[in-house]
Amino acid sequence: MRAPGPGCGRRREGRRASAPARQDGGPEERLEVLHAWLVEDVPGGRVRVLTQETQRGRPATELARQLPNPMLNGHQAWLDGLVRAASAGTGR
């Protein structure tokens with residue numbers, strides 16, 4: 001997979017980033033992914049992270065059919081790690 005670096009820009013009160021990735025190959029291997037994040041400050045010293053991903057290609061279709069879904073579980077693990085890291089930085 002090739003993954004160019006994320007791009008950041010301003011949007012309303014938040015910060016956004018996105019990262020595309022692509023795997024070349026025939027119809028069985030070809031995959032295109034775009035993952036986007038919006039990070040917003042919210043009241044109470046908290047942060048909201050909105051994340052969305054789109055995937056195209058046969059490998060993505062096959063992953064989406066798996067139970068438990070490895071992509072959803074991977075994203076949740078990433079968010080859980082983000083919370084742990086942020087909590088450790090604040091002493092909570």
Side-chain angles (χ1 to χ4, degrees):
M1 300 270 296
R2 291 186 310 227
C8 292
R10 294 295 295 167
R11 179 179 176 175
R12 296 188 193 136
E13 299 287 323
R15 193 89 173 137
R16 63 182 175 167
S18 63
R22 191 169 104 188
Q23 176 174 292
D24 293 326
E28 298 293 323
E29 300 88 25
R30 192 172 317 130
L31 179 64
E32 294 179 10
V33 176
L34 177 64
H35 199 131
W37 301 268
L38 176 62
V39 181
E40 301 174 304
D41 289 328
V42 293
R46 298 175 301 136
V47 174
R48 175 183 6 221
V49 178
L50 303 173
T51 179
Q52 186 172 12
E53 183 170 279
T54 184
Q55 306 167 5
R56 294 191 314 177
R58 193 160 295 154
T61 301
E62 291 169 7
L63 277 174
R65 292 182 180 141
Q66 292 182 22
L67 293 174
N69 186 300
M71 293 303 279
L72 292 177
N73 288 343
H75 292 155
Q76 187 61 52
W78 179 81
L79 288 168
D80 292 344
L82 187 61
V83 169
R84 280 192 304 277
S87 296
T90 62
R92 290 186 204 175

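Because only heavy atoms are used, hydrogens play no part in the values below, and waters and symmetry mates are left out as well, while side chains stay in.
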Kindly indicate whether the side chain of [X], heavy atoms from C-beta on, has any atom under 4.5 Å from the side chain of [Y].
{"X": "Glu53", "Y": "Val33", "result": "yes"}
{"X": "Ser18", "Y": "Leu34", "result": "yes"}
{"X": "Asp41", "Y": "Val47", "result": "yes"}
{"X": "Val49", "Y": "Leu82", "result": "yes"}
{"X": "Leu50", "Y": "Glu40", "result": "yes"}

Quick one: side chain to side chain donor-acceptor pair (under 3.5 Å) partners of [X], sequence neighbours excluded?
{"X": "Arg30", "value": "none"}
{"X": "Thr51", "value": "His35"}
{"X": "Glu29", "value": "none"}
{"X": "Gln66", "value": "none"}

### Task
Of all the heavy-atom pairs spanning Ala60 and Leu31, show the shortest one and how long it is.
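So the two residues come closest at CB-CD1, 3.6 Å.
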### Task
List the atom of Pro27, the atom of Arg58, and the distance in Å for their closest heavy-atom pair.
O-CB, 3.5 Å
### Query
Under 4.5 Å between side-chain heavy atoms, hopping through other hydrophobics if needed: is there a path connecting Leu79 to Leu72?
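No, because Leu79 and Leu72 fall into different hydrophobic clusters, even though each may have its own neighbours under 4.5 Å.
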### Query
If Ile, Leu, Val, Met, Phe, Trp and Tyr residues are connected whenever their side-chain heavy atoms lie under 4.5 Å apart, and connections chain through other members, are Val39 and Trp78 in the same group?
yes
### Query
With Val83, which residues qualify under side chain to side chain contact (heavy atoms under 4.5 Å, CB included), at least two apart?
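Val83 satisfies side chain to side chain contact (heavy atoms under 4.5 Å, CB included) with Ser87 only.
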### Task
Enumerate the residue pairs fulfilling salt bridge (charged side-chain N to carboxylate O under 4.0 Å, His left out) with a member in residues 62-84, sequence neighbours excluded, ordered by first and then second residue.
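Counting only pairs at least two positions apart or across chains, no salt bridge (charged side-chain N to carboxylate O under 4.0 Å, His left out) contact touches residues 62-84.
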### Rounded distance (nearest 0.5 Å) linking atom CG of Asn69 with atom NE2 of His75
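It is 9.0 Å, given to the nearest 0.5 Å.
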### Message
Measuring from atom CG of Leu38 to atom CZ of Arg15, what distance do you get when rounded to the nearest 0.5 angstrom?
### Response
11.0 Å
### Query
With clusters built from Ile, Leu, Val, Met, Phe, Trp and Tyr whose side-chain heavy atoms come within less than 4.5 Å, directly or transitively, what are the remaining members of the cluster of Leu63, listed by chain and number?
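ILVMFWY cluster around Leu63 also holds Met71.
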